[in-house]
Every structure is written in structure tokens, then in C-alpha cells.
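Data block below; observations after.
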There are 2 protein chains.
Amino acid sequence: MDEQAHPIPRVRTIADLARLAGVSPGTVSRALAGKSLVNAETRDRIQALATEHSFRPNQMASRLRTQRTGVVGVVVPLGHERRQHLSDPFFMTMLGFLADRLTEDGYDLMLSRVIPDATDWLERIVDSGMMDGVLLIGQSDQFHSIERVARRYRPLVAWGSSNLPGQVHCAIGTDNIAGGRLAGERLIARGARRIAFLGELRAPEIRQRCEGVAQALATAGIAHPPIQLDTHLASDVMEQEIAAHLERVGGDIDGIAAASDVIAVTTLRVLADRGIRVPHDMPVVGYDDLPIAVSAVPRITTVRQDIARGANEMVSALFRRIAGEDAPSVVMPPILVERDSA
Amino acid sequence: MDEQAHPIPRVRTIADLARLAGVSPGTVSRALAGKSLVNAETRDRIQALATEHSFRPNQMASRLRTQRTGVVGVVVPLGHERRQHLSDPFFMTMLGFLADRLTEDGYDLMLSRVIPDATDWLERIVDSGMMDGVLLIGQSDQFHSIERVARRYRPLVAWGSSNLPGQVHCAIGTDNIAGGRLAGERLIARGARRIAFLGELRAPEIRQRCEGVAQALATAGIAHPPIQLDTHLASDVMEQEIAAHLERVGGDIDGIAAASDVIAVTTLRVLADRGIRVPHDMPVVGYDDLPIAVSAVPRITTVRQDIARGANEMVSALFRRIAGEDAPSVVMPPILVERDSA
DNA sequence: CGATTTATTGCAATCGATTGCTGATGCCGG
DNA sequence: CCGGCATCAGCAATCGATTGCAATAAATCG
């Protein structure tokens, strides 16, 4: 174990190594890149020397020269929901899959949690010259900013809706209207007639889910549209918020469609506190199918979004776009997962 | 709205801008940096020109020159628990706070999810020249790798235990032995005598928690040490694993200490399935105090780690170390949060 | 054996921003 | 009217790796 003591001159640059090997920096560069232009012997010798001195080329320099950063930006825009924390399980699950896939493909992941107060928040990110492409987890209420940038910056892919009026930016997502419809139909099948929708509508995905619930009600010939109740994702206020909502409209509703599983879990909690039994007294349907949906008591019936596949589609689309090809939006079908809460 | 059409020559470099402004690149650089060495007028003129052409200096070049990247690496080592997904709520909660704090201080966050198969996984990261410092979320079973690097690379701070034999690396964490003791004492107070510890021991934090439980039992004069049952964090197998454990030792135990809230939630789920009532038939104590602990039914009694504070301490320590100062390890006291599950 | 490939390596420019130093200008007091 | 000083701008080197092109040596062929 002599690792700790490389006594004096640490090998920091390719030039240091070149001096040691008695060759020119250029040769070292080529040798380390494994190019065939250098003699196999010298290449091996240099590589051995490199590992011996645990030399690692400076990425900044390399990236400056090659104009390729090997970094993908993953951005979470919190336009509405400023208080929402990055620990939102949906974001995180998505982020986990993205990280897995990007790592596999040799990319690094730069994470930005942005509160879009300046209008050029996205420009700042894409023009920093720091990343080869950008993934947006959610569109929030920033449709116009995203459009503006997407028009000139190709390697940009968002998670969310792809059928918004005038949209040109590439988005991967599930059909939220269909998903809302599934939730609504399930609740109706369970006997619900007056459905509350817990979630706030500034993000297009959520708005579409609510719309889907409304469609289901209309199709079933039920006159009452869903009662929409703003519910914010900041975990510290969500419980009180839901409690207040139920206090207010409690008697008027007989079914709950939650905009996400996180909301559904909290709703279960609030209902349990008031002795309202799920699904018997009040069926509840979630959205997303996160791991918590299975751990909850009762297990949550929910509309599944295939997040793993979504992450893969996003990365694939991004890589195509980085390579200069085109990549269209993708709409995946949601699936109703029938469990115990409705 | 003429934003879309800067017809021909986009202003990409500081030299472009200099030409436009009729000054030298050096002056532009100083002007954009807001230095006082340039005339106030020219400075304003240049800055105006810069915004007009929405010019953003190339970060790669800047960082290469200044040797300061403005990036902090956040690394999640998955040494044991290869199957553990990045979406583990503890990691994510921590990551969220770290992201908030780092963003506030103008740093970018580069996320790496590492499976340490090569022994030099950490060297690869710190020597890449890509970041000013590195935060490790958890030590996993990589004590030696971390020590080796920490001995020569100062701006490195880990979350975890700081009292491991021979440890020199800076770690921020809670007193896991004390935490385990709190959990054990609570269970004992609830009448438990034969306690199961759900969690696997390769990570030092977890090992210490189990040890704390053992201490509590010993102190109370109970002869039976905790029955330790490996429980892995991969969400898809955890439930079956716990179910199998309970199947096997079910009758022999009368209290459960879970190594984390995630495990506790799943345990609740499994117990509910078999009609075992919590806390009446089987008290359960969690660890961490994540948001899910409050949403669970029943609400989980758990040992709280102040993750927000932990994240802050980590970042503060890291900044001190980046600045060349020293920063010692920090041990925070855990707190028992009494709720309904025990 | 001389001419021409071929295999390696070196040289030097380049990526784009930053910054120490020098030079030019203008203002001041003596 | 001149030396001295402050202010401002430009020049050119620098960060460290990469790469097109030139140069050298060795090998091949007629």
C-alpha cells in the first residue's frame, strides 16, 4: 500500500504524463483515447503509467475542446406549487429512472430545481453551454417559455402533455384525459355520483385528468360535474387542506378522484381520522401508481403511468435529438390498476 | 416580439460581442463580470448589448480558466443494496434539501448514482475536475474507499456515521446508536420483550441502530437480543421478504424496530394483511420520520432524523472545506416522535 | 539501391473566457 | 508648461486536452 505517498509531483495534466513517458502531449491524448494511430506498445505503456499515477484528464478542458459535455440537464420547473418540494415521490421516481438510464449511457446528470421567476429561466439553462441536452420533468404552467426555447433548441424533451394548442416541443407522457376517464369510470362503477377531484389545475396534465373525470360523468349521464378542490403538493399543508375540503363538502360527495397517489395517500389518512371507511363509505382513486400506492392501507386503486417506460422514452428521444435526428412526442396509454381503495 | 429572428450571425462568443461593441474581448469579459476597471458607460453599453443578443458566456471555457466549476457532486453509493432504486424516499428527501440549499448558493448539482464495482469509483468522480466538492449520501459499505480519497481530497462530506474506527473523513449524521436505543426503549415500554430488527447490517448507520436496540434490551435486563432480519430496500421484493420473515418468526416476537420508515410502512402493510393489529398486537417503530410516516395508517412512531438540518450542515461543511478551512464532523441527536404505531 | 508507401509521433492551433501587465489618455498641481 | 498619477482599454498568455497537418523513420517494392 504505497498509494498514499506519491511524494512530490502529482501527475495532473496530460503534459506531466507526457514528460514522464518521454512523448508529446498529443501522443498521450491519443493513447488514452485508445486510438489506433499510436503504436500499441507506447499506448499500453502510457495507459499503464496513467493508471499507476491514477491520472484522470481534466474534463473541463476536454469538454471545451470537443464541444461535447456528456451532461444532460434534468430540470424540475416549479412554476405553480412553489412550495412543492423536490422530494415529491413522482419526480423522484422519474428522476431515479432517468439517472439509471443516463448513467448507463455514459452521461452525467445535472439537476436543477427551478422556480421560474425570471422569464428566461430556461434560456439560462440551455444556453449555459453546460449540457448536451435538457429533460424537463413536467411542464408546470410554463408552456410559453418552453415553446419559445424549443423552437430553436432541439435537444429538449419534456414530460407531460403533447397535445396542447400550438405545441411544437417534444413531450412524452400518458393520455391524461383517458386516465381521468378511467378514474371517473371506476368511481361511477363503485356507485359514486358526486365526485370530488383533489388537485389544482394550473399544470396541464392535472387539468386534463380532471377533464377526463368530467367526461366520464357526462358519458354516464350524471349531471354533476366533478367538484374540483385545490390541493397543493407541499407535504406540510396538504393534510390540513384536504381536511378542510372534506369538512366543507364532506356530505355532498360520495367518491374521490385524487390527482396523484401522494394526494390519495394523504386523503386516506384524513378519511381514517374521521372514521370514514374506504372504499365502503368513500371510494378513492389515485393517479401514478407509485410504490406508496401498494404500501398504503388500504391499497390504492390507481391509474398507472408507466414511469420507467416514460423515462426511457424521454432519454431515447433526447439522444435522437442530440444526434440531430428528429423525435416525435409520445403518448402512452394509462391503465387502471384495481386494488382496494375503490 | 422580434425575439425569434436574430437573422444571421448569432452572438456566441465574447469575441463576437466585443466586435459588435467595438472593444476588446478582455473589456467585454470585465464588463460582464461587473468589474470596476471598466468605465461605467461602456460597461452598461456592453451589458445592454449582451442582453439584447441574449448572450451567455460559455461556462466550460470560464470554468476551465478559473478552475472553479460551481458544481457540487451529489453521490449515492449503492454498495450493498444494488437493487435499491434511487427513488428511496430518504435519499430523495435529502436530495431535495441539498438541491434547495445548493441552488440558493449558486451551485449546480451533479447527481451520480454509483454502484461501486471498480474500487476507484470515488477517485473517478473527485478527479474528474468537474466539481468543486462532493457530497456523499450515505457511506454504504465503502468505508475504505471513502477514507482513501478523503485523506487527500478535502472538499468531501458524507452523510452517515462519524465515529467509525480510524475515520478521518467528515461525516454529518445523527447518533444512530442513541436512535436505536430510543426505538428499543419505546418498544419495551409498550411491553415488547422479543424484538425483531428489520434491516440489513452492511451499512454502518443501520448496524448502529440495531446495536442501539440491543443496548436498550440489555439495559432493561431482557435476555433476548434483537432478532435481526435482513430486509432490502428494493421496493419490489421488500414486501415478500418481510412477509416471509414474519411467517417464520411471527409467533416469537412482540415488537418490531424497522431500520427505516420505508420498511415500517411496508411492515404495516404486511401486518394488516394478516390481521395483526398495530400497535395492539404488535408495536412498530420506524426510523427517519419521513412524510410517509405521517400519512401511514396508523401514523408511525419513529425516530426522527432532522434531514433538513442535516442537509444544511453538509453543505455548510462542504463550503468551508471548499474554501480551504477545516470542518469537523457533526453528530445530531435523534428524537423519538410518538405517534400511533407504538 | 533508390523511390514510394506506411506507421508513428510531434508541432502548433484551437476551444472561449479570464487576467496580469503595459500603454494610452486625460486631469491635476506645481 | 511639464511631471505625476489615476483611469480605462488592449495585448497576449493561460487554463488543459484535442486534432489536422507535417515530419520522421521504417518498410516495401520494382
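Because only heavy atoms are used, hydrogens play no part in the values below, and waters and symmetry mates are left out as well, while side chains stay in. Protein chains get the first letters and strands the later ones, always in sequence-line order, with residue 1 at the start of each.
Comparing B/Ala61 and A/Lys35, the nucleotide of DNA chain D nearest to each residue sits closer to the 5' end for B/Ala61.
With sequence neighbours left out, B/Glu325 forms a side chain to side chain contact (heavy atoms under 4.5 Å, CB included) with B/Arg320, B/Ala323.
Within the 4.5 Å cutoff, the side chain of A/Gln142 has no heavy atoms near those of the A/Leu122 side chain. The closest side-chain heavy-atom distance from B/Arg309 to B/Phe97 is not below 4.5 Å. Inter-residue side-chain proximity for A/Ile14 and A/Phe55 is flagged as met; some heavy-atom pair is nearer than 4.5 Å. You'll find the side chain of A/Val114 stays beyond 4.5 Å of the side chain of A/Arg124, heavy atoms only. Contact check for B/Leu32 versus B/Ile46: side-chain heavy atoms found under the 4.5 Å cut-off. Two residues are said to be in side-chain contact when any heavy atoms from C-beta on lie closer than 4.5 Å; B/His144 and B/Thr119 fail this criterion.
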Look for any protein N or O under 3.5 Å of an N or O in nucleotides 7-11 of chain D and output each such pair with its distance, or none.
{"unit_1": "D/dA9", "atom_1": "OP1", "unit_2": "B/Thr42", "atom_2": "OG1", "d": "3.1"}
{"unit_1": "D/dA9", "atom_1": "OP2", "unit_2": "B/Asn39", "atom_2": "N", "d": "2.9"}
{"unit_1": "D/dA9", "atom_1": "OP2", "unit_2": "B/Thr42", "atom_2": "OG1", "d": "3.4"}
{"unit_1": "D/dG10", "atom_1": "OP2", "unit_2": "B/Ser24", "atom_2": "N", "d": "2.8"}
{"unit_1": "D/dG10", "atom_1": "OP2", "unit_2": "B/Ser24", "atom_2": "OG", "d": "3.2"}
{"unit_1": "D/dG10", "atom_1": "OP2", "unit_2": "B/Thr27", "atom_2": "OG1", "d": "2.8"}
{"unit_1": "D/dG10", "atom_1": "N7", "unit_2": "B/Arg30", "atom_2": "NH2", "d": "3.3"}
{"unit_1": "D/dG10", "atom_1": "O6", "unit_2": "B/Arg30", "atom_2": "NH2", "d": "2.9"}

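The span of DNA chain C lying next to chain B, judged by atoms under 4.0 Å from heavy atoms, is bounded 5' to 3' by C/dG16 to C/dG20.
For residues 15-37 of chain A, every residue pair satisfying the salt bridge (Lys or Arg N to Asp or Glu O under 4.0 Å) rule, not counting sequence neighbours, is listed here: A/Asp16-A/Arg19.
Overall bending of the helix from C/dC1-D/dG30 to C/dG30-D/dC1, expressed as the angle between end axes built from five pairs apiece, is 50° (10° steps).
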Just distance, no hydrogens or angles: give the donor-acceptor pairs under 3.5 Å from side chains in residues 67-79 of chain A, sequence neighbours left out.
{"unit_1": "A/Thr69", "atom_1": "OG1", "unit_2": "A/Val71", "atom_2": "N", "d": "3.1"}
{"unit_1": "A/Thr69", "atom_1": "OG1", "unit_2": "A/Met130", "atom_2": "O", "d": "3.4"}
{"unit_1": "A/Thr69", "atom_1": "OG1", "unit_2": "A/Asp132", "atom_2": "N", "d": "3.2"}
{"unit_1": "A/Thr69", "atom_1": "OG1", "unit_2": "A/Asp132", "atom_2": "OD1", "d": "2.9"}

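Salt bridge status for A/Arg148 with A/Asp120: absent, with no side-chain N to carboxylate O gap under 4.0 Å.
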